[in-house]
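To start, the structure under review is shown below, and the notes come after it.
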Amino acid sequence: MEESLVKRLAGPSTGKAGLAKDQTEINRIIAQASKGSKFFENERRKDQELTQRIHKLIKHRDELLKGIDVGTLSHSASVLICKLSQSQILNLETSQRDLSQYIVHADMDAFFAAVELLDNPKLKGHPFGVGKGVLTTASYDARQYGVRSGMPVMGILRQYDPEMLAAGADEAFLNITNYCKEHSMSPEECVQKLQTHVHAATSLTVSAGIAPNKMLAKICSDKNKPNGQFQLLFNRDAILSFMRDLPIRKIPGIGRVTERLLDAIGIKTCGDIYSQRAVLFLLDKQFHSESLFLTYLGIASNVVQPMHRNERKSVGSERTFDPINDPGLILQRLEQCAQDLEGDLEDKGWAGQTVTLKYKLDTYQAIVILRLTVFTRAKSLTRFVSTKKELLTIGKSLLLTELPLCIRLIGLRVTKLKDLRAPENQGVKRLMASPSKKPPQDVVQKEETDVDLEEERAMAEYEDEIDQEAIMASQAAADEAENDDVDSTSPLTSNPITAFSKRKLVEPLTHDNPSSAQKPTSVTRQVVDRTEPETFTCPICDKSLAVDNDSLNQHVDFCLSKDAIMAATIMSNESSKRRKL
DNA sequence: GCGGATCAC
DNA sequence: TATGGTGATCCGC
């Protein structure tokens, strides 16, 4: 059996966190047990598709390589890497790698098992599993656990950084720079104290990584599990050598698929990113070479601040069940989703402008009849919806065109959200408080319309419950109108993403959060690394570049424009051919 | 804007 | 035996 397939069967998280060493043996057993099952067939098909994809990628690479001199390409990539090594996150004044912030990633060990233990002390000493099957879910169960146990861990962590960033139920990022300074502690001491603190209060153990940015801290927190800490040395060389041998899969965002794609072009470790820089640069479209180069350099964001409400993009609800094909039963499941989603939207204060239906086909159907298992169908509206009735109406209309189906999952999700708690969206209240007040003219027209519609809808509901049917009818009519709308107008908006800002690895300074923006200035800059190269020669034009940041960037941006590079490489290729003749 | 795919937790 | 749910992002069309 193909090695890649064995790996796939072992599950999506294989190789990510510290797993048992003899995983290959376990993999073999799992593969054996799965042989012949529908599940296995499905996985094999996906694996073969990926293998095909890899073949195409290699072919594409070789095609591109034909007209291009690899040496020159490598040099070009070097220039980009050099530029990136000087790019910086917070320290705009010096344009140096910012090593001034102590970033911690705290990761609770065996969180769900530990919480279960708190709730059911009887289980202590006995082996037990959490959840229905083998593993438990993250947020779904966390919700229950949160209610039952009232875990105080996040509260404790926040004492070390009030601007802590919670990442799920059992992880958090902290910037402990200020805490260390105020308490005259080293970062290790601080984290040790934090670990003891949490353990005393909850009997949970925490693993932590200390590093100059979030990505490195996260990787480090995995180094000494459980109940350990690992600090990276705060200097450039230590970071580079740490990255060099790090398996690429350890990088957040590199999953099973990307791992295999990268493997196919000779990249297994982050150090390989550099040795294969020419190919990565060539295949920039597929791999986001800039992101990978930053990863190789160990550069990432060190901004730690709580998630802001307006960063939320979608709210949804979905459920898995034994496969059903009876339309009535399917509708019942859909209704449940609509109900749950209404509850969530109400709780959190959101309404959405796009409703998406999701369903998963019964495995048998999926394999035999179709290639795909998961489908989504969306509908965009001109108004914002949040009630069960509205969600169900739209969900139904999306579902209807799909029937008949035999499915094992159904879900609804709303996107293009409006924050009903934002002051400007407090429709009814604002209307009541100052009925004659008109908003300023420079307010975006569309937004104004939405607010009015929202007010209208809310008012109508207050007016008369009996009128509900009439309202629904008018909404249905509006839906029809929108249908035509969507069908007749479909301008394809081109993606404005440029070659050098594909992924948001480096967060911009935000202006709406003065406290965090000021943070770096209140911290000593003595630790700032001074070993970055100060000058270099551009390999394309052989020009010696000034240290001055502006002119450097300007020059490099020019030399790195795809056209300039291709022109240069092809020219050098041609001239070398001519020399041979 | 839509739908599929990948990823994290 | 073949597994959950929530949410984000990217890409191609």
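Order of the sequence lines sets the chain letters (A, B, ...), proteins ahead of strands, with each chain counted from 1. Just so you know, these numbers come straight off a predicted model, no measurement behind them.
Across the protein-nucleic acid pair, A/Glu402 atom CD and B/dC2 atom P stand 14 Å apart, rounded to whole Å. Look at CG on A/Leu261: it is 13 Å from P on C/dC11, rounded to the nearest Å. Protein atom CG of A/Asp340 is 13 Å distant from nucleotide atom C1' of C/dT6, rounded to whole Å. Look at CZ on A/Arg260: it is 11 Å from P on B/dT6, rounded to the nearest Å. Between the CD atom of A/Glu171 and the P atom of C/dT6 there is a distance of 19 Å, rounded to whole Å. Atom pair A/Asp344:CG and C/dG5:P shows a separation of 14 Å (rounding to whole Å applied).
Remark: of the listed residues A/Ile324, A/Leu331, A/Thr320, A/Ile330, A/Ile330 is the sole one forming a side-chain contact (heavy atoms from CB on, under 4.5 Å) with A/Ile410.
With distances taken from any side-chain atom of A/His288 to the nucleotides C/dA8, B/dA5, C/dC11, the minimum falls on C/dC11. Relative to the side chain of A/Arg408, the nucleotides C/dT3, B/dC7, C/dG5 differ in distance, and C/dT3 lies closest. Side chain of A/Thr258, nearest nucleotide from B/dT6, C/dA8, C/dT6: B/dT6. The side chain of A/Asp170 lies closest to B/dC9, out of B/dC9, B/dA5, B/dC2. Residue A/Arg377 places its side chain closer to B/dG3 than to any other of B/dA5, B/dG3, B/dC2. Checked against B/dG1, B/dG3, B/dA5, the side chain of A/Lys416 finds its nearest nucleotide in B/dG1. Nearest to the side chain of A/Lys218, among B/dC9, B/dC2, C/dA8, sits B/dC9. Distances from the side chain of A/Arg249 to the nucleotides B/dG3, C/dG5, B/dA8 place B/dA8 closest.
Both A/Thr354 and A/His105 sit near DNA chain B, but only A/Thr354 has its closest nucleotide nearer the 5' end. Of the two residues near DNA chain B, A/Val257 and A/Phe375, the one whose nearest nucleotide lies more 5' is A/Phe375.
Pairs of residues two or more places apart, or lying in two chains, that qualify as ring pair (Phe, Tyr, Trp, His ring centres under 6.0 Å) and include a residue from residues 330-362 of chain A are A/Tyr359-A/Phe375.
The phosphate of B/dG1 has neither OP1 nor OP2 within less than 4.0 Å of any side-chain N or O from A/Ser380. OP1 or OP2 of C/dG7 has not a single side-chain nitrogen or oxygen of A/Lys348 nearer than 4.0 Å. Under 4.0 angstrom from either OP1 or OP2 of C/dT6 there lies no side-chain N or O belonging to A/Lys358. The side chain of A/Ser314 contributes an N or O atom lying less than 4.0 Å from OP1 or OP2 of C/dA8.
Partners of A/Lys268 according to the side-chain hydrogen bond (donor to acceptor under 3.5 Å, both in side chains) rule, which considers only residues two or more places apart in sequence or in another chain, are A/Asp263.
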